[in-house]
Engineer: 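Dropping a structure here in structure tokens format, bear with me for questions.
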Amino acid sequence: MAQKSRLGVFALRPGISVWVLPLIAALALAAALARAASPARAEVHISNFTFEPRTLTVPVGATVTWVNRDDELHTVTSGAFTSPALDTDESFSFHFDAPGTYVYRCAIHPQMTGTIVVQ
Amino acid sequence: MSKDESAGGTSRRDFMKCMAWAGTGLVWTLAGGVLSSKALAGLQAAANAPRTGSGGRGGGFRFVQISDTHIGFEKDPNKDPVATLQESIARIRALSPAPDFLIHTGDLTHAQKAGGFDTVAQLLGGVASGGTFFVPGEHDVFGDGGKEYLARFGKGTQGDGWRSFDHQGVHFIGLVNVLQFKSGGMGMLGPEQLEWLEKDLKELSSSTPVVVYTHIPLWAVYPAWGWTTADAQQALGFLNRFGSVTVLNGHIHQVLQKVEGHMTFHTAMSTAFPQPAPGQGPGPGPLKVPTEEVRRFLGLRSVTYTAGSEPLAIVDSTLG
């Protein structure tokens, strides 16, 4: 935080009130906190044959997007949703409108598993 | 052939692994359940070599196993698996005597894309007089639970695609272990298939040579990558009384072997791309060997059976 303030002061143009800076910081912090509490969108990366994060908690109504960063086909498959085969950099999204714990796996490499907790 | 194959034991198996990774063909002969091997310059050399009682005519036969053709794969180290399958087919057509039939141990296609199964069926059509017996790999069934595969290749099978048949005194069993998965990603045969297998074997004499073929290994090659079948021990328990059991599989794209009593287990090369040795790297993806060297890691397997003496001569041969 100290470093951020110092940079902010250095970045100030002559004539702009120093009161603006804390105000902007406060608004940005509030926005970030709001996103953390209610992420309408979240992302899971697939790399090195693992889902990252392995367990993700999102609120009801969130959309989760999986992005395959491996140089190998993967799927995102559970009873509630299933993706087609995702090649490198391809993605799949699912909208969670019901609370619950959704365990999923890659249908091609079923040793790869992940969990979405919707609450 | 057999007189050169007396060596055995761990050192021989280690040698075989090394030679497989060096891309050298191997001859494996099974006699009384004990398997041994010797290196070969190539499959044609094996076909032309003097044989002791093998060769497929006068009370014996040959079949060929191919695996993991992965039609639709289009990345390094092999952007054209159709071409390497065609090269494999050319090797099969050059065999003398010709194989009676082919066995394909799964992953016909890479991603079940439209036309993939058509390509496999067209390329393999007419290669052997007895046709090709298939089992599915997970790449063939992940999108639709095996519906398209079964409609296309499941004729004459039961359940999810398993079957048995007899050929010149040898009992063949094709098992499916890619449609159910145990926690941890291990393959599964499932209770229905196991029940069928027990009944299938019940009437057979213990002296009947048995060949089992499936996609995922029936032994624990590397469980962390799913390279094993969770309920394989039950199946192997039914097979335990037989004097000669040969288990062939694909899935891991490399030749490994294990001997357990009267049972021998053989994993096969792919015709499309190699995979890492068990546990080497983050996961079981394509092994990025230089493109110009990939044929040293791809290949097929010829198996010759001679009636009476019960040897199964197994030749693994690379494309380059």
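Because only heavy atoms are used, hydrogens play no part in the values below, and waters and symmetry mates are left out as well, while side chains stay in. A, B, ... follow the sequence lines: proteins, then strands. Residue 1 opens every chain.
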Engineer: Check each atom of B/K182 against the heavy atoms of chain A and say whether the ones under 4.5 Å are side chain, backbone, both or neither.
Structural biologist: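 Contact with chain A involves no heavy atom of B/K182 at all.
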Engineer: Ring centres under 6.0 Å, that's the criterion: do B/Y149 and B/F134 meet it?
Structural biologist: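 Not close enough - the centres of the two rings lie 6.0 Å or further apart.
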Engineer: Between B/N177 and B/I216 (side chain of the first, backbone of the second, donor and acceptor by atom type, cut-off under 3.5 Å), is there such a pair?
Structural biologist: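 A pair under 3.5 Å: yes.
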Engineer: Which bit of A/T88 comes within less than 4.5 Å of chain B, counting heavy atoms only: side chain, backbone, both or neither?
Structural biologist: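 Both backbone and side chain.
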Engineer: Looking at B/M186, B/K288, B/H110, which one has more heavy-atom pairs under 4.5 Å with chain A than the rest?
Structural biologist: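 The option with the most such pairs is B/H110.
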Engineer: If I measure from the heavy atoms of chain A, does B/P284 come under 4.5 Å with its side chain, its backbone, both, or neither?
Structural biologist: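 Both backbone and side chain.
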Engineer: Please classify the contact between A/T75 and chain B as side chain, backbone, both or neither, with a heavy-atom cut-off of under 4.5 Å.
Structural biologist: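 A/T75 touches chain B through side-chain heavy atoms alone.
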Engineer: Is the centre of the A/F49 ring less than 6.0 Å from the centre of the A/H74 ring?
Structural biologist: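 Yes, close enough.
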Engineer: Give a yes or no on whether the ring-centroid distance for A/Y104 and A/F51 is below 6.0 angstrom.
Structural biologist: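 Yes - the distance between ring centres of A/Y104 and A/F51 falls below the 6.0 Å cut-off.
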Engineer: Picking from A/D70, A/T82, A/D71, A/D87, which has the most non-hydrogen pairs under 4.5 angstrom with chain B?
Structural biologist: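 Looking at each of A/D70, A/T82, A/D71, A/D87 in turn, A/D71 comes out on top.
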Engineer: Given B/H253, which of B/H139, B/H70, B/H215 fulfils the ring pair (Phe, Tyr, Trp, His ring centres under 6.0 Å) condition?
Structural biologist: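 Between B/H253 and the candidates, ring pair (Phe, Tyr, Trp, His ring centres under 6.0 Å) is satisfied uniquely by B/H70.
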